[in-house]
Amino acid sequence: MTLVLFGHPFSSYTQKVLIALTENATPFDFRCLGPDQPDNAAEWLKRWPIRKFPLLVDSDRQLAETSIIIEYLHLAHPGPAPLLPDDAMAALDVRFMDRFFDQHVMNAAQHAVDGALTGDPVKRRDGMAMSVEKLERAYAWLETYLTNRTWAAGDTFSMADCAAAPALFYADWTHPIANGYTALRAYRTRLLTRPSVMKAVEGGRPYRHLFPLEAPDRD
């Protein structure tokens with residue numbers, strides 16, 4: 001059976017998995033979750049009432065949580081571009097950076113997005129303040145870490161970079177990366193010129209009006 005992925009093309013975490021699938025040209029059927037596809041939403045909620053996406057379905061197995069999905073693809077549907085190294089210690093480095101980008105970049109930016117979605121000016125202000133504080137800490141750490149590195153965890157593109165691409169894409173929209181963070185800005189640029197990332201960004205382009213902080217006229 002063909003893999004089925006439930007998600008939305010503008011969702012950062014959906015994009016994370018889409019990038020991994022594209023890197024290995026893994027065949028899959030995409031089921032977009034939106035008001036125009038009620039049948040997709042009904043099946044998704046039946047399968048995963050936790051109401052989080054993306055969700056990957058492979059025959060009688062279904063998987064939630066993006067890092068688990070990518071690890072599963074690595075094991076069950078390997079391709080020419082392994083996103084985790086065979087060496088256990090090197091794989092641990094990939095997993096750490098994957099979690100860093102999810103927890104300390106993407107989730108940090110989400111505070112501002114969530115505050116804006118409420119429509120409450122106070123919550124919008126407080127959410128943005130929290131995002132700025134957390135993102136600045138993450139940016140400063142990443143600037144030092146990424147100096148003299150091409151990719152997030154080693155010399156090859158990995159699961160960590162799948163996480164980094166959408167995280168830094170939206171984080172920079174939320175709180176722009178300062179010009180002084182030259183290594184971090186260069187890394188974000190490298191990510192956005194990667195074909196798999198470019199495809200994910202283009203897939204989400206029609207939905208930019210949904211970004212509650214107003215999408216900048218770039219990228």
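Any value given below was found using the heavy atoms of this structure, including those in side chains, with hydrogens, waters and symmetry copies removed.
Side chain of D120 to main chain of V122: a donor-acceptor pair is present (N/O by atom type, distance under 3.5 Å, no hydrogens or angles). Checking side-chain atoms of E143 against main-chain N and O of A183 turns up a donor-acceptor pair under 3.5 Å. R31 places no side-chain N or O within donor-acceptor distance of the main-chain N or O of V4, the cut-off being under 3.5 Å. Under the 3.5 Å distance criterion, the side-chain polar atoms of R188 are matched with a main-chain donor or acceptor of F169. One N or O on the side chain of Q62 and one on the backbone of R47 form a donor-acceptor pair closer than 3.5 Å. With hydrogens and angles disregarded, a donor-acceptor distance shorter than 3.5 Å links the side chain of Y145 to the backbone of A152.
With values rounded to the nearest 0.5 angstrom, T182 atom OG1 is found 11.5 Å from I177 atom CD1. One finds the SG atom of C162 at 12.0 Å from the CD1 atom of I69 (value rounded to the nearest 0.5 Å). Atom CG of L92 sits about 10.5 Å away from atom CG of L84, to the nearest 0.5 Å. The line from CG of L5 to CG of L33 is 8.5 Å long, rounded to the nearest 0.5 Å. Taken to the nearest 0.5 Å, the CZ atom of R185 stands 10.5 Å off from the OH atom of Y139. Here the CG-OG1 distance, from L142 to T147, works out to 10.0 Å after rounding to the nearest 0.5 Å.
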Verdict with reasoning, H104 to W141, per side-chain contact (heavy atoms from CB on, under 4.5 Å): CA-CA 10 Å; H104 301 295; W141 185 85; over 6 Å; no
Pair D102-R99, salt bridge (Lys or Arg N to Asp or Glu O under 4.0 Å): steps then yes or no: CA-CA 5 Å; D102 279 1; R99 302 319 305 138; 2.7 Å; yes
L45 vs R51, side-chain contact (heavy atoms from CB on, under 4.5 Å): CA-CA, chis, key distance, verdict: CA-CA 6 Å; L45 291 173; R51 295 176 174 263; 3.4 Å; yes
Verdict with supporting geometry, V105 and L168, side-chain contact (heavy atoms from CB on, under 4.5 Å): CA-CA 7 Å; V105 179; L168 289 172; 4.0 Å; yes
Working for salt bridge (Lys or Arg N to Asp or Glu O under 4.0 Å), residues R205 and E202: CA-CA 5 Å; R205 191 174 296 276; E202 287 305 308; 2.7 Å; yes
From CA spacing to verdict: side-chain contact (heavy atoms from CB on, under 4.5 Å), M128, R125: CA-CA 5 Å; M128 178 59 75; R125 180 200 65 203; 6.0 Å; no
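Summarising the local packing, CG of D87 is surrounded by more than 12 heavy atoms from other residues, nucleotides or ligands at distances under 6.0 Å.
Between L18 and K199 the shortest side-chain heavy-atom distance does not fall below 4.5 Å. For the pair W151 and S158, the minimum side-chain heavy-atom distance is 4.5 Å or more. The shortest side-chain heavy-atom distance between I19 and P166 falls under the 4.5 Å cut-off. Proximity of V94 to P85: side-chain heavy atoms (C-beta onward) are separated by under 4.5 Å at one or more points. T118 has its side chain out of reach of D114: every pair of non-hydrogen atoms, C-beta onward, lies at least 4.5 Å apart. Residues D161 and Y187 are in side-chain contact: their nearest non-hydrogen atoms beyond the backbone lie under 4.5 Å apart. Considering only heavy atoms from C-beta on, C32 comes within 4.5 Å of Q37 through its side chain. With contacts defined as side-chain heavy-atom distances shorter than 4.5 Å, the pair H77/Y72 qualifies.
I50 meets the side-chain contact (heavy atoms from CB on, under 4.5 Å) test with W48, K52; sequence neighbours excluded.
Taking the six-membered ring where the residue is Trp, F28 and F30 present perpendicular rings, their angle passing 60° and hence far from 30°.
Residues V132 and L135 fall within the same hydrophobic cluster, defined by Ile, Leu, Val, Met, Phe, Trp and Tyr side chains chained together at heavy-atom separations under 4.5 Å. Residues W173 and F101 are members of one and the same hydrophobic cluster, defined by side-chain heavy-atom contacts under 4.5 angstrom among Ile, Leu, Val, Met, Phe, Trp and Tyr. Hydrophobic cluster membership is shared by I68 and L56, with clusters built from Ile, Leu, Val, Met, Phe, Trp and Tyr side chains linked at under 4.5 angstrom.
Taking all atoms of both residues into account, the shortest heavy-atom contact from L192 to M198 is O-CG, 3.0 Å. Closest approach of F53 and F6 over heavy atoms only: CB-O, 3.9 Å. Residues T174 and A112 come closest through the heavy atom pair CG2-CB, 3.6 Å. Minimum interatomic distance between A167 and M106 (heavy atoms only, all atoms of both residues): CA-SD, 3.7 Å. P82 and N24 make their closest contact through N-OD1, 4.4 Å (heavy atoms, listed as atom of the first residue, atom of the second, distance). Heavy atoms only, all atoms of each residue included: L3 and L21 are closest at CD1-CD2, 4.4 Å.
When ring centroids are compared, F10 and Y170 come within the 6.0 Å threshold.
Using a 4.0 Å cut-off between charged side-chain N and carboxylate O, R208 and D219 make no salt bridge.
In this model, a donor atom of one side chain and an acceptor atom of the other lie less than 3.5 Å apart for K16 and T66. Side chain to side chain, E136 and Y181 meet the donor-acceptor criterion of an N or O pair below 3.5 Å.
With F157 as the aromatic partner, R194 meets the cation-pi criteria of under 6.0 angstrom to the ring centre and within 45 degrees of the ring axis.
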